[in-house]
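Data first, discussion second: the structure below is written as structure tokens.
Proteins come first, then strands; the chains are lettered A, B, ... in the order of their sequence lines, and each starts at number 1.
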Amino acid sequence: MSEIPREKVEALYQRLYEEAEASGYHLNPDKEFTLGLVESLLINEARYGYWACPCRLATGEKQKDLDIICPCDYRDADLLEWGACYCGLYVSEEVLRGERPLQSIPERRPPEGQRPQEQPARAPAVSVTELPLPVWRCRVCGYLCAREQPPAVCPICKAKRDRFERFL
Amino acid sequence: MNARGRIPGIRNQHQVLFYALSTCIWCKRTREFLEANNIAFDFVYVDLLSGTEREAVVEQVRRWNPSVSFPTLVIDGCRAIIGYRPEEIQEALGL
Ligand code: SF4
């Protein structure tokens, strides 16, 4: 299936592995399985220009696919409930240690019309008028920061700026 | 990789339709399972289709699986198996 050179796949695997381990996430230890997904991320990068989730049908329009750009908005909830993300690229500690089986899990992404990027930007739920700076939340991992604009890349999960929402 | 096709198999008493994505590893596992068990099936890689052809196939999948997730396996036009579920496939096809 691949036109992606093996070295490129290995290099991205290595980078994702290091980034994951540095922030408390784990790649699937089944290396062939994981390399297959990393290769798919590169195929989707060539196809769409971004890392659309390999196991979901992307539209090719970035704004519509925002919630399924890897790491997707659903990863952390799936890790907690099922021990793995939808594709099985990321796994929990129990799965990593072999204490819990890896399985194909149900789709958490809501149907069209109910996805995070389709909701109108809401005013923060609590209004804190005294704050000297707005607070931004990473939709992927929940990281919060108070600054004029969200960071270019989430320091925890490496999601890009467009995955942040105004929290306070 | 072809977007559509038919895999012949000795076990061809059931009509098996396999809707998949070419980049999805659970789809790949499901296909390997079907092939290892010599099951005849038709496949469609929906991510490799475009335009109205793709829309039509997405609508077919939606009828069986409202979240339009993959793999979706439709057996004899009366039952869908969603995700990589080897035991369910075995049971549905009487393997
Ligand atoms: S984190 Fe989300 S987008 Fe990335 S591989 Fe897993 S399920 Fe797909």
Side-chain angles (χ1 to χ4, degrees), chain A residues 1-4 9 27-28 30-48 50-61 64-65 67-68 70 72 74 78 82 84-91 101-115, chain B residues 1-5 7 17-35 43-74 80-92:
Chain A
M1 138 159 107
S2 164
E3 330 74 50
I4 312 276
V9 178
L27 287 190
N28 186 332
D30 178 342
K31 198 163 177 199
E32 276 318 299
F33 189 103
T34 305
L35 283 172
L37 285 168
V38 171
E39 179 181 30
S40 292
L41 287 176
L42 290 168
I43 292 173
N44 281 350
E45 181 178 336
R47 244 189 227 172
Y48 307 117
Y50 47 89
W51 289 350
C53 178
C55 304
R56 293 178 167 117
L57 185 60
T59 62
E61 282 176 58
K64 288 190 181 169
D65 294 339
D67 60 327
I68 54 160
C70 192
C72 61
Y74 313 105
D78 280 335
W82 301 100
C85 72
Y86 185 64
C87 294
L89 177 61
Y90 291 94
V91 300
L102 177 77
Q103 46 169 341
S104 174
I105 66 173
E107 173 61 297
R108 180 181 299 273
R109 186 188 198 202
E112 237 179 292
Q114 295 168 36
R115 295 173 182 162
Chain B
M1 186 183 266
N2 292 330
R4 287 174 184 269
I7 301 295
L17 260 167
F18 174 55
Y19 295 98
L21 302 177
S22 67
T23 50
C24 162
I25 305 300
W26 294 117
C27 296
K28 193 170 154 215
R29 292 255 159 128
T30 304
R31 180 170 174 157
E32 285 165 1
F33 180 83
L34 294 174
E35 291 187 9
F43 66 84
V44 191
Y45 286 106
V46 185
D47 59 319
L48 302 181
L49 303 176
S50 57
T52 50
E53 188 186 14
R54 172 151 152 180
E55 279 165 35
V57 174
V58 167
E59 281 320 306
Q60 284 169 26
V61 179
R62 200 189 309 278
R63 250 182 279 142
W64 293 102
N65 172 6
S67 66
V68 195
S69 61
F70 300 91
T72 293
L73 207 58
V74 179
I81 297 175
I82 297 164
Y84 172 61
R85 309 260 172 253
E87 290 86 18
E88 270 186 58
I89 300 173
Q90 272 170 335
E91 183 252 312

A/Asp65 and A/Tyr50: side chain donor to acceptor below 3.5 Å: yes
Are A/Arg109 and A/Tyr86 close enough, and set up right, to give a side chain to side chain contact (heavy atoms under 4.5 Å, CB included), and what steps lead you there? CA-CA 10 Å; A/Arg109 186 188 198 202; A/Tyr86 185 64; over 6 Å; no
side-chain contact (heavy atoms from CB on, under 4.5 Å) involving A/Gln114 - partner list, sequence neighbours excluded: A/Pro110, A/Pro111
Which bit of B/Leu49 comes within less than 4.5 Å of chain A, counting heavy atoms only: side chain, backbone, both or neither? neither
Answer with side chain, backbone, both or neither: which region of B/Leu21 has an atom nearer than 4.5 Å to a non-hydrogen atom of chain A? side chain
Are more than 12 heavy atoms, taken from residues, nucleotides or ligands other than A/Glu112, located less than 6.0 Å from that residue's CD atom? no
So which of A/Ile105, A/Leu37, A/Leu57, A/Asn44 has the largest heavy-atom pair count under 4.5 angstrom toward chain B? A/Leu57
Looking at A/Ala52, A/Cys55, A/Pro54, which has the largest count of heavy-atom pairs under 4.5 Å with chain B? A/Pro54
Not counting sequence neighbours, which residues clear salt bridge (charged side-chain N to carboxylate O under 4.0 Å, His left out) with B/Glu55? List them please. none
Measure distances from [X] to the heavy atoms of chain B and classify the residue's part below 4.5 Å as side chain, backbone, both or neither.
{"X": "A/Ala58", "answer": "backbone"}
{"X": "A/Thr34", "answer": "neither"}
{"X": "A/Leu89", "answer": "neither"}

Between B/Arg29 and A/Asp30, is the closest basic N to carboxylate O distance under 4.0 Å? yes
